[in-house]
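What follows is a single structure, written as structure tokens, with notes after it.
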Amino acid sequence: MTEKVQIRYWVHADAAALAACIGNKKIWDNLRDYIPHPYSIADARDYIAGQQPINPVQHFAIVKKGVLAGGCGIILKEDVYRKTAEIGYWIAEPYWGMGIATEAVKLLTAYAFATFDIVRLQAEVFEHNTASMKVLQKNGFILEAIHQKAVIKNGVLMNDYLWVCFKP
């Protein structure tokens, strides 16, 4: 935890705020399609309930001064990729440009390497999301690859930028 930002496990009381945040199409436009849109309070409740039994925690609320400002998480890879995990994050629109994502990724990265038996973290970013790429770069991630025409979102085929960092 830092003075500026905290990551913590999701609690049931987060459901309404989570639904409001993810319900914002500007947020959803940078998320994967398995996340429903519009995003209801029932969706949020189901998501939070699904996180409760996972130990160690893999998905977190990002909080600033006690208020939900975003979310982040770790997806552990399997099989031959078992030493790799993927991270993802989003910030609620009122908190854009405040450095919250940069601080949350710093906390999440340290947690991931300390908690899981991994040597590599990766994050995939849609080509238009330059702010997210800057967050990763500030946290020591390097651009490993640009996957050409690898993702489709809202009917638009685009490049996917793969950023990586390695356990110190």
| request: Using the ring pair (Phe, Tyr, Trp, His ring centres under 6.0 Å) rule, collect all pairs that involve residues 72-96, keeping only residues at least two apart or in two chains. | output: none

| Hey, are the side chains of His12 and Gln52 touching, using non-hydrogen atoms and a 4.5 Å cut-off? | yes

| said: Quick check: closest heavy atoms across Trp10 and Gly70, and the distance to 0.1 Å? | reply: CH2-O, 3.9 Å

| task | Only counting residues at least two apart or in another chain, list the ones meeting salt bridge (charged side-chain N to carboxylate O under 4.0 Å, His left out) with Asp43. | result | none

| query | Around Tyr9, counting heavy atoms of other residues, nucleotides and ligands shown, do more than 12 lie under 6.0 Å from its OH? | reply | no

| request: For the residue pair Cys72 and Ile7, establish whether any side-chain heavy-atom pair is separated by less than 4.5 Å. | output: yes

| query | So, for Leu108 and Gly73, which heavy atoms are closest and what is the spacing to 0.1 Å? | reply | CD2-O, 3.6 Å

| Got Phe113 and Cys165 here, is their nearest side-chain heavy-atom distance under 4.5 Å? | yes

Identify each donor-acceptor pair in which a side-chain atom of residues 53-64 lies under 3.5 Å from a protein atom, sequence neighbours left out, and give them as a table.
none

| request: Decide yes or no for Val125 and Leu136: does some side-chain heavy atom of the first lie under 4.5 Å from some side-chain heavy atom of the second? | output: yes

| query | Mind checking whether Met98 and Leu107 sit in one hydrophobic cluster, side chains of I, L, V, M, F, W, Y counted as touching below 4.5 Å? | reply | yes

| request: Using a 4.5 Å cut-off on heavy atoms from C-beta on, say whether the side chain of Trp163 contacts that of Met133. | output: yes

| field | Partner residues of Ala112 under the side-chain contact (heavy atoms from CB on, under 4.5 Å) criterion, sequence neighbours left out | value | Ile74, Ile118, Leu121

| task | Kindly indicate whether the side chain of Val119, heavy atoms from C-beta on, has any atom under 4.5 Å from the side chain of Phe166. | result | no

| Val67 and Val5: same hydrophobic cluster, using ILVMFWY side-chain contacts below 4.5 Å? | yes

| How would you list, by chain and number, every residue that makes a side chain to side chain donor-acceptor pair (under 3.5 Å) with Arg8, sequence neighbours excluded? | Asp14

| task | Applying side chain to side chain donor-acceptor pair (under 3.5 Å), name anything that partners Lys134, two or more places apart in sequence or on another chain. | result | none

| query | Of all residues at least two apart in sequence or in a different chain, which pass the salt bridge (charged side-chain N to carboxylate O under 4.0 Å, His left out) check with Asp117? | reply | Lys83

| Polar side-chain atom of Asn24 near backbone of Ala20 as donor-acceptor pair, under 3.5 Å | no

| Ile35, Ile48: one ILVMFWY side-chain cluster at the under-4.5 Å cut-off? | yes

| For Glu127, salt bridge (charged side-chain N to carboxylate O under 4.0 Å, His left out) partners two or more places apart | none

| Thr84 and Leu76, any side-chain heavy atoms less than 4.5 Å apart | no

| field | Pairwise distance CD(Glu124) to CG(Asn129) - rounded to 0.5 angstrom | value | 13.0 Å

Listed pairs under 3.5 Å, donor-acceptor, residues 140-153 side chains, sequence neighbours left out:
from   : atom 1 : to     : atom 2 : distance (Å)
Glu144 : OE1    : Arg120 : NH2    : 2.6
Glu144 : OE2    : Arg120 : NH1    : 3.0
Lys153 : NZ     : Trp28  : O      : 3.1
Lys153 : NZ     : Leu31  : O      : 2.7
Lys153 : NZ     : Asp33  : OD1    : 2.8

| task | Run the numbers on Glu103 and Lys4 for salt bridge (Lys or Arg N to Asp or Glu O under 4.0 Å), then give the verdict. | result | CA-CA 8 Å; Glu103 198 60 32; Lys4 188 172 189 179; over 6 Å; no

| said: List the residues meeting side chain to side chain donor-acceptor pair (under 3.5 Å) with Lys167, not counting sequence neighbours, and say none if there are none. | reply: none

| note | Those residues at least two apart in sequence (or on a different chain) that pass side-chain contact (heavy atoms from CB on, under 4.5 Å) with Ala44 are Ala15, Leu18, Ala19, Tyr39

| With a 4.5 Å heavy-atom cut-off, do Lys77 and Glu86 have their side chains touching? | yes

| task | Under the salt bridge (charged side-chain N to carboxylate O under 4.0 Å, His left out) rule, collect the residues that match up with Asp29, sequence neighbours excluded. | result | Lys25

| message | If hydrophobic clusters are built from ILVMFWY residues whose side chains come within less than 4.5 Å, do Tyr34 and Ile87 share one? | response | yes

